[in-house]
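So the structure is just underneath, and the comments pick up after that.
Each chain gets a letter, A, B and so on, in the order its sequence line appears, and its residues count up from 1. Just so we're clear, the structure is a prediction, and the values are computed from it rather than from any experiment. Below, all heavy atoms of this structure are taken into account, side chains as well, without hydrogens, waters or symmetry copies.
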There are 2 protein chains.
Amino acid sequence: MENRRVSIKDVAKKANVSTATVSRVVNNKDGVTQQISEKVQEVIKELGYSPNTAARSLVRQRTNAIGIVVNNLHDPFFYDLIKGFETAAQQTSYSVVFCSALGGDVKSKENYVKYLSNGVVDAVILYGSYRSDESMIKYIQDNEQIEFVMIENDVPSLQCNKLLIDNFGGAKNAVNYLKEKKHRKIAHICGNPNKKVTIERFNGYIQAMQEADLEVKEGYIQYSSADYRSGYERMNALLDLEERPTAVFCSDDALASYAVRAALDRGLRVPEDISIMGFDNQRILPDRYRGPEITTVEQPLYTIGMDSIRLVSERLSNTDMKMPVRKMYETKIIERETVCEYHG
Amino acid sequence: MENRRVSIKDVAKKANVSTATVSRVVNNKDGVTQQISEKVQEVIKELGYSPNTAARSLVRQRTNAIGIVVNNLHDPFFYDLIKGFETAAQQTSYSVVFCSALGGDVKSKENYVKYLSNGVVDAVILYGSYRSDESMIKYIQDNEQIEFVMIENDVPSLQCNKLLIDNFGGAKNAVNYLKEKKHRKIAHICGNPNKKVTIERFNGYIQAMQEADLEVKEGYIQYSSADYRSGYERMNALLDLEERPTAVFCSDDALASYAVRAALDRGLRVPEDISIMGFDNQRILPDRYRGPEITTVEQPLYTIGMDSIRLVSERLSNTDMKMPVRKMYETKIIERETVCEYHG
DNA sequence: CTGAAAGCGCTTACAG
DNA sequence: CTGAAAGCGCTTACAG
């Protein structure tokens, strides 16, 4: 900490050359005599010199780094996404850094976006869609000189790259799948009300029910809180209904895992007595869930993680690709243990 | 991307003041007329200016950021650690960024350490102890002008901060716990041979066995590969032994989860027929483990995550704390479902 | 209270 | 092939 870092000047002086020459050998530019180059490299090793990233970024107007920001990095929900990021990161020459805002802390998330985009990275990848993100969105809008990719957040006013998931279609498919299994009384437990995906999936449920001419009975729509644990009470509310549903589609797997617990705790069998379906194909469920494996809708997070980094590195090297990319990823039903055919 | 970012010069020109003045209002320094300050702020808002981090870091010789590097950020093993980092991060004014090297990729890890320490952060926190980390360690040695904290890696030659876990003692406690439960035939499945903790825990096992005058019988020590799934075969090898152990202490929970699977698959009951113990208190086990909950040794990763960030922010503001900190964290036995008393 | 100037540590035309 | 100089975008003594 105390003794100043060794700078390019130090090695220039010691090697009896100009800083320009040192810079050339550091960057492997040709036009330096073999002999001088060797001498310089020797001094570099001796002094343990390595170039200052901030200074370099400043003059190059390029950081060669990519930033990712999410909420709750610790959440195992991100397992596949992060793995995708890591895998692509390893294959690129960019350094990639992750930033995380705890909970739904909007201010902190916005600060990270600002921090990153002001000269610490060349591109930022943003996961998630909170309805409270507006001021951040506004900031991004005003700073379009950096590459942005929004994952799973379709803000119409934003001209940046978007990697989207077909939540609406996925939810419809879930309901249709339940319908194929002969269920008619299908309920829905909505997810975190702050997240936009919740609405998209809710709309998918409604639409599918309508198209299938299935009635959404009184009480069949249960609104959970931001805490997925509330899936437990919501399920209980459903089970208390006079006209109990035979299947329930939950907005996400964490919620579904709690719904299953509730059913099990009431002595019901899942899926024999009630079918339960989730969304996400989250391979790691919260709080040591050990019930039956949850039938769900998969979103391809691993692929999206990979694609986002690749997209950004391509765009960063091809300065001519100007139009932002917009891509929608399809979902897939994963059949497991919590849904079976209804025998009425 | 195309149109240059707005710089301090742009706002200075537009506001008819010097860049010095703009800088003063941006940094809330007093000595600027109310009137001028307001004018400048107006222009800043209008132009959407925010200061460039790289430039600022360069002149301040301070980045106000902390970097963390781990292997396999996606691994749910990090749940508590990351949560600790996040929590402390939220309470500090530093920006914290995570970097991850996939697998045991030493080169990539080293590159991240270099990248971060060359002017992108003021301190780097490093988790983990691979025996292959030597060249990285050497680099850190040569660059002690930045704050480093090594978590769970006691490199004697390094003069940096160290937050250590008492793996040796924890392993001893595990064996003693098993002994209290009347087990005499206690075997051990070693962990990833590339990690130093494996050795420490192994040594703890040996030492405790000796002190308790318990025999380490032929075949009682099984060496797993770097893949925790090999816990399965290692357990089978143990169960094939003529003199079968009645308890096995595994080097980590992931390994233990596979050991349990192996026992269960052979029709044995856990713990009635064989007791199995892990290490880590990893709350999320791999591959949808659904066996009995594993009795284990907890390492306080949440606390360590918090402490490391706090430590570093303190040291960064108190320039006089020169001696690096070295702290050892104790472990704790967590009793769950995979160990019971032996009735011989 | 305000600005001109130096400097943080680099890179890169431009001369020679 | 090599170096002097300008400049990236800031901040901060130093004058005034």
Check: What integer distance in Å separates B:I44:CD1 from D:dC10:C1'?
Finding: 13 Å
Next item on the list: Identify which nucleotide among C:dT2, D:dC8, C:dC8 has an atom closest to any side-chain atom of B:V32, counting heavy atoms from C-beta outward.
Entry: C:dT2
Notebook entry, point to check: Rounded to whole angstrom units, what separation is found between the CG atom of A:D10 and the P atom of C:dC8?
Noted result: 11 Å
Check: Any side-chain N or O of A:K9 less than 4.0 Å from the OP1 or OP2 oxygen of C:dC10?
Finding: no
Margin query: The test is side-chain contact (heavy atoms from CB on, under 4.5 Å); show your working for A:F98 and A:I82 and say whether it passes.
Written below: CA-CA 9 Å; A:F98 295 80; A:I82 294 183; 4.3 Å; yes
Notebook entry, point to check: Could you state the CD1-P distance from B:I36 to C:dG3, rounded to the nearest angstrom?
Noted result: 6 Å
Notebook entry, point to check: Are any of the side-chain nitrogens in B:D307 or B:K327 under 4.0 Å away from the carboxylate oxygens of its partner?
Noted result: yes
Check: Using purine N1 to pyrimidine N3 plus N6-O4 or O6-N4 for Watson-Crick, or N1-O2 and O6-N3 for G-U wobble, both under 3.5 Å, which nucleotide pairs with C:dA13?
Finding: none
Item checked: Salt bridge present between A:E110 and A:K114 (N-O < 4.0 angstrom) -> yes
Note to self: From NZ of B:K39 over to P of C:dT2, roughly how many Å is that when rounded to an integer?
What the structure shows: 14 Å
Next item on the list: Starting from P on D:dG9, measure out to CG on A:L58 and report it in whole angstrom.
Entry: 7 Å
Notebook entry, point to check: Between atom CG in B:L47 and atom C1' in D:dG9, what is the gap in whole Å?
Noted result: 15 Å
Note to self: Taking 4.0 Å as the cut-off, does a side-chain nitrogen or oxygen of B:Q61 come that near to OP1 or OP2 on C:dG7?
What the structure shows: no
Check: Relative to the ring of B:F78, is the ring of B:Y127 parallel (under 30°), tilted (30 to 60°) or perpendicular (over 60°)?
Finding: perpendicular
Check: OP1, OP2 of D:dC8 versus side-chain N and O of A:S57: anything below 4.0 Å?
Finding: no
Note to self: Checking side-chain contact (heavy atoms from CB on, under 4.5 Å) between A:L164 and each of A:I151, A:D154, A:N153, A:I304, which is the one that passes?
What the structure shows: A:D154
Item checked: Short side-chain donor-acceptor distance under 3.5 Å, A:R131 and A:N192 -> no
Notebook entry, point to check: Do NZ/NE/NH1/NH2 and the carboxylate oxygens of B:E152 and B:K162 come within less than 4.0 Å?
Noted result: no
Check: Atom CG of B:N118 and atom P of C:dC10: how far apart are they, to the nearest Å?
Finding: 8 Å
Margin query: Need the pair for C:dA4. Rule: Watson-Crick or G-U wobble, both distances under 3.5 Å, any strand; none if unpaired.
Written below: none
Check: Between D:dG3 and A:S18, is there an OP1 or OP2 to side-chain N/O distance shorter than 4.0 Å?
Finding: yes
Check: How does protein reach along nucleotides 11-16 of chain C, written 5' to 3' as B (base within reach of a heavy atom under 4.0 Å), S (only sugar-phosphate), or - (no contact)?
Finding: BBB---
